[in-house]
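All remarks here apply to the structure that follows.
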Protein chains: 2
Amino acid sequence: MTTSRRAAKRSPNRQLLREREIVNAARLVFETAGYDNASMAEIAARAGIVEGTVYLYFDSKKDLMHRVIAEWYEGLIASVSEGLTRVVGVRARLRFCILRHLRVYVEDTGLADLMIRELRRDRKFYETEIYSLNKRYAAFVTAEILDGIKQGELGPDIVPEIVRDLIFGGIEHCAYRILSGRGGLDIDLVADRILGTLWPGIAAQKEASSVSIEDRIARLEKLVVANGEES
Amino acid sequence: MTTSRRAAKRSPNRQLLREREIVNAARLVFETAGYDNASMAEIAARAGIVEGTVYLYFDSKKDLMHRVIAEWYEGLIASVSEGLTRVVGVRARLRFCILRHLRVYVEDTGLADLMIRELRRDRKFYETEIYSLNKRYAAFVTAEILDGIKQGELGPDIVPEIVRDLIFGGIEHCAYRILSGRGGLDIDLVADRILGTLWPGIAAQKEASSVSIEDRIARLEKLVVANGEES
DNA sequence: AAACAAAAATGAGCGGTCCTCATTTTATCT
DNA sequence: AGATAAAATGAGGACCGCTCATTTTTGTTT
């Protein structure tokens, strides 16, 4: 064995820089063109490299999109987490989550679009990193509901998962207007309406229950009639 | 001008038959493979023709999918319309709509998937025939809500569009479990939970206000006492 | 500085898609 | 049968994501 020359290792952050350039370019292209219309050629060009090079850093176009979304999602989760520290009360915190989520569609339309329309259609979405992030994000709402139940502020019988699905599904449907580019949304108004519709159904009843009140009335009225009304 | 020979016109329903064959083949392939994995070559093969021939009857792959979905959607609308004739009462009719829609995801998983994941991502979805059908379909719910408000069974302040978005969005989110192939759904249970969560928030208060109930009780109790309880 | 090897970048081209269009086949009328 | 319009064909164009043999760049050793 001859003493072979040492490997010519480059500074490691040079690779990271390239990666960054590619991800940035990809985010830009995906955001403006959507997935299908975004071509690897254009992403490469914007990163100042040639198409084949991209594949030294990412396995596939889909892989690249996952990376773009994952980075964005992590920022979003951090933002919500931070924001929630400054809100107290179940109702207010739920409203914060709703409004914050609506804001996503207004401010990050392109990426939200990518998330809904492209990422989630993957049959194996539930095995991806994005799904984990998605669960962490949705957990902000379910945790709030569970807490509300424990505090007695929400009814004991409500099912957190259903409320969560109603909230996120409802928001998403409202947001289709934005995603399709037809006009905007008064997100404060929409947040109020969504919570205004849901809250009375999930908040704990202050009074015993309307049934028992009805019973009390029925009993009393029967008695009164029996005794000869207004004696 | 020589008397030119008449055009050799074929029986018109021959074209319709071909069209039918193509649509049927397309539905089958789209349903099982999804949009991206469905190839025009396979659709043509299943219709017993060659790829180019399909383009004599349909403009594009997307056009063909639109046709498949449109036919299915029309059947669905007819089914809901017919079913509603046999249900009375706002709550029961809303529950019917919810349950029927949940059934779509169980029974027509492939097409529902196509609708959500492929059709709606078209930027020009809102100019398509499918969108009109979508509106007609969703109108079953909004009409019910409007009717409920008019009948006094639902609160006067609720916003029908928000309730509609919560319902359809919520159902859709619940149904992702089915679409992704992970287990099924107890749709009766889910329907009950969705309505159970929403209804208390949108139903009109039976009594004018709890104060008046208290008043009624107070008056009655006073009377009863005055008359000597349990005489 | 020169030799050298590993790492990084290249770009031609492969296999696949939807779709077009000049050509051929089929069906109908005189 | 012969003519002609309608219907069907299938080779190939344009474009895509992706691969890989080749070339260029970079850092280390002598």
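Naming: A, B, ... by sequence-line order, numbering from 1 per chain. The structure presented is a predicted model; accordingly, all values stated were derived computationally and were not measured.
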Take atom [atom1] of [X] and atom [atom2] of [N], then tell me their distance rounded to the nearest Å.
{"X": "A:D59", "N": "D:dG17", "atom1": "CG", "atom2": "C1'", "value": "13 Å"}
{"X": "B:L56", "N": "C:dA22", "atom1": "CG", "atom2": "C1'", "value": "13 Å"}
{"X": "A:R14", "N": "D:dG27", "atom1": "CZ", "atom2": "P", "value": "7 Å"}
{"X": "A:K62", "N": "D:dC16", "atom1": "NZ", "atom2": "P", "value": "19 Å"}
{"X": "A:I49", "N": "C:dT10", "atom1": "CD1", "atom2": "P", "value": "7 Å"}

Quiz item: Just checking B:Y57: base, sugar-phosphate only, or nothing, at a heavy-atom cut-off of under 4.0 Å?
Solution: sugar-phosphate
Quiz item: Excluding sequence neighbours, so at least two apart, what forms side chain to side chain contact (heavy atoms under 4.5 Å, CB included) with A:S79?
Solution: A:R100
Self-check item: Phosphate-side-chain proximity, A:Q15 and C:dA8, N/O vs OP1/OP2 below 4.0 Å
Solution: yes
Self-check item: Ionic contact status for B:R27 with B:E71, cut-off 4.0 Å
Solution: no
Practice problem: Indicate yes or no: does A:R91 engage A:E153 in a salt bridge with an N to O separation below 4.0 Å. | Solution: no
Quiz item: How does protein contact run along nucleotides 11-18 of chain C, one letter per nucleotide 5' to 3', with B for base contact, S for sugar-phosphate only, - for none, heavy atoms under 4.0 Å?
Solution: B------B
Exercise. Check the angle between the aromatic planes of A:Y131 and A:F125 and answer parallel, tilted or perpendicular using the 30° and 60° thresholds.
Key: perpendicular
Self-check item: For A:H66, side-chain hydrogen bond (donor to acceptor under 3.5 Å, both in side chains) partners two or more places apart
Solution: none
Self-check item: Stepwise side-chain contact (heavy atoms from CB on, under 4.5 Å) test for A:K62 and A:Y35
Solution: CA-CA 9 Å; A:K62 198 190 289 182; A:Y35 187 76; 3.8 Å; yes
Practice problem: With a 4.0 Å heavy-atom cut-off, tell me which residues in residues 17-32 of chain A come close to DNA chain D, sorted by residue number. | Solution: none
Quiz prompt | side-chain hydrogen bond (donor to acceptor under 3.5 Å, both in side chains): pairs with one or both residues in residues 189-203 of chain A, sequence neighbours excluded | solution = A:R95-A:D192
Self-check item: Residue pairs involving residues 133-149 of chain A (criterion salt bridge (charged side-chain N to carboxylate O under 4.0 Å, His left out); sequence neighbours excluded)
Solution: A:R93-A:E144
